[in-house]
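One structure below.
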Amino acid sequence: MPIRRVEEYFDPDRMPRDVWPATLAPVRQLLDEGLDLDPVTVFVGDNGVGKSTLIEAIALRFGMSPEGGSTGANHSTRPSESSLWEHIVLRRDFGAPRGGFFLRAETMHGFFTYLEDNPNRSRPEPVFHERSHGESFLDFVIDRARWPGLWILDEPESALSFSGCLTLIAVLQSIVESGVGQVLLSTHSPVLAAFPGATIHEVGEWGLRRTEWADLDLVRNQRAFLESPERYLRHLE
């Protein structure tokens with residue numbers, strides 16, 4: 001696999017545990033204990049708990065742009081990433097692919113503009129800005145799915161409908177089943193969290209804990225809401 005394990009990089013300038021983002025329990029746990037990754041690894045948790053911080057750091061350490069793109073891309077508009085990536089090391093399988101893609105829904109518009117300004121001279125590709133947000137997101141994944149490697153996605157459900165989430169799972173599953181693909185996914189979607197065969201880590205104030213899909217707070221809460229939405233909505237008055 002492109003990444004077998006993520007660990008702290010031991011050097012004289014280790015990340016202080018009393019400085020952000022090491023003050024976040026999941027980040028501190030990663031630095032203290034390391035984290036093994038599987039062919040499909042999913043992070044699930046509430047806003048602000050550290051999911052995107054972890055995802056972003058791993059993508060940067062792998063050589064990807066913080067705002068999305070392939071390894072070696074230089075797309076960046078406003079640097080806002082933490083320095084966590086400078087304090088981790090990625091353990092990989094011998095001979096594993098070194099390429100991959102990082103996609104985050106919040107920066108896709110700027111990333112597609114970057115692609116238009118830096119076109120692929122060897123072959124034509126879709127004009128992503130001419131499609132809807134969700135269509136362009138899926139078009140990109142389908143277009144790049146021919147290349148093996150690491151796929152890192154940060155909350156892609158922001159761009160996708162229910163059926164779009166299912167389509168994304170199908171495309172990513174085909175990449176993983178090729179034997180040389182790996183997926184690392186951060187999501188709020190119970191649909192994407194149900195990725196077949198995925199290892200799920202619930203992220204929160206406790207840090208990282210492996211959890212079965214049916215036991216996720218995300219799944220229990222959304223199931224309860226769908227069964228009786230009025231129980232939740234009446235408290236908004």
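- Between E7 and R91, at least one side-chain nitrogen of the basic residue sits less than 4.0 Å from a carboxylate oxygen of the acidic one, meeting the salt-bridge criterion.
- None of V176, I175, L184 except one satisfies the side chain to side chain contact (heavy atoms under 4.5 Å, CB included) rule with W151; the exception is I175.
- Contacts classified as side-chain hydrogen bond (donor to acceptor under 3.5 Å, both in side chains) and involving residues 167-185 (residues at least two apart or in different chains) are not found.
- The minimum heavy-atom distance between D46 and K51, with the atom names listed, is O-NZ, 3.1 Å.
- Note on L166 and I200: same hydrophobic cluster, where clusters join Ile, Leu, Val, Met, Phe, Trp and Tyr whose side-chain heavy atoms are under 4.5 Å apart, directly or indirectly.
- Note on residues 193-202: pairs passing salt bridge (Lys or Arg N to Asp or Glu O under 4.0 Å), not counting sequence neighbours, are E202-R209.
- Residues F195 and I169 are in side-chain contact: their nearest non-hydrogen atoms beyond the backbone lie under 4.5 Å apart.
- With hydrophobic clusters built from ILVMFWY side chains whose heavy atoms lie under 4.5 angstrom apart, L31 does not share a cluster with W206.
- Note that CG of L84 is 7.5 Å distant from OG1 of T53, once rounded to the nearest 0.5 Å.
- Tracing side-chain contacts under 4.5 Å through hydrophobic residues (I, L, V, M, F, W, Y), one reaches V191 starting from V44; they form part of the same cluster.
- The shortest side-chain heavy-atom distance between D154 and L103 does not fall under the 4.5 Å cut-off.
- When all heavy atoms of L218 and P190 are compared, the closest pair comes out as CD2-N, 3.7 Å.
- Counting only heavy atoms from C-beta outward, the side chains of V219 and W213 approach each other to under 4.5 Å.
- Under the 4.5 Å side-chain criterion, counting only non-hydrogen atoms from C-beta, P2 is not in contact with R92.
- Among residue pairs with one or both ends in residues 27-45, those qualifying as side-chain hydrogen bond (donor to acceptor under 3.5 Å, both in side chains) are R5-D36, R17-D32, D38-T199; sequence neighbours excluded.
- Using a 4.0 Å cut-off between a side-chain N of Lys or Arg and a carboxylate O of Asp or Glu, R61 and E86 do not qualify as a salt bridge.
- Between V40 and L185 there is no side-chain heavy-atom pair separated by less than 4.5 Å.
- Side-chain heavy atoms closer than 4.5 Å link hydrophobic residues (I, L, V, M, F, W, Y) into clusters, and following such links, possibly through other members, connects L30 to I55.
- With rounding to the nearest 0.5 Å, the separation of CH2 in W20 from CE in M15 is 8.5 Å.
- Hydrophobic clustering keeps F62 apart from M1 (ILVMFWY residues linked when any side-chain heavy atoms are closer than 4.5 Å, directly or through intermediates).
- Of all non-hydrogen atoms in R220 and D215, the two that sit nearest each other are NH1-O, 2.7 Å.
- Between V42 and A193, the closest heavy-atom pair is CG1-CA, 4.2 Å.
- The shortest non-hydrogen separation linking G48 to L24 is O-CD2, 4.1 Å.
- Residues satisfying the side chain to side chain donor-acceptor pair (under 3.5 Å) test with N47, not counting sequence neighbours, are H188.
- With no hydrogens or angles considered, no side-chain donor-acceptor pair links T187 and E155 at under 3.5 Å.
- Contact annotation: the side chain of F102 never approaches that of S65 to less than 4.5 Å [non-hydrogen atoms, C-beta and beyond].
- Here the OG-CG distance, from S163 to L168, works out to 11.5 Å after rounding to the nearest 0.5 Å.
- Using a 4.5 Å cut-off on side-chain heavy atoms (C-beta onward), P97 and L150 make no contact.
- The aromatic rings of H201 and F43 lie perpendicular to each other, with more than 60° between the two planes, well past the 30° mark.
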Only distances under 3.5 Å count here; give the side-chain donor-acceptor pairs of residues 221-232 to other protein atoms, sequence neighbours excluded, each with its distance to 0.1 Å.
| residue | atom | partner | partner atom | Å |
| --- | --- | --- | --- | --- |
| N221 | ND2 | D217 | O | 3.2 |
| S228 | OG | E230 | OE2 | 2.8 |

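- Residues S52 and R104 share a closest heavy-atom pair of CB-NH2, 4.3 Å.
- Residues forming a side chain to side chain donor-acceptor pair (under 3.5 Å) with R14 (at least two apart in sequence, or on another chain): E8.
- Side-chain contact between I58 and I3 is present, with at least one heavy-atom pair separated by less than 4.5 Å.
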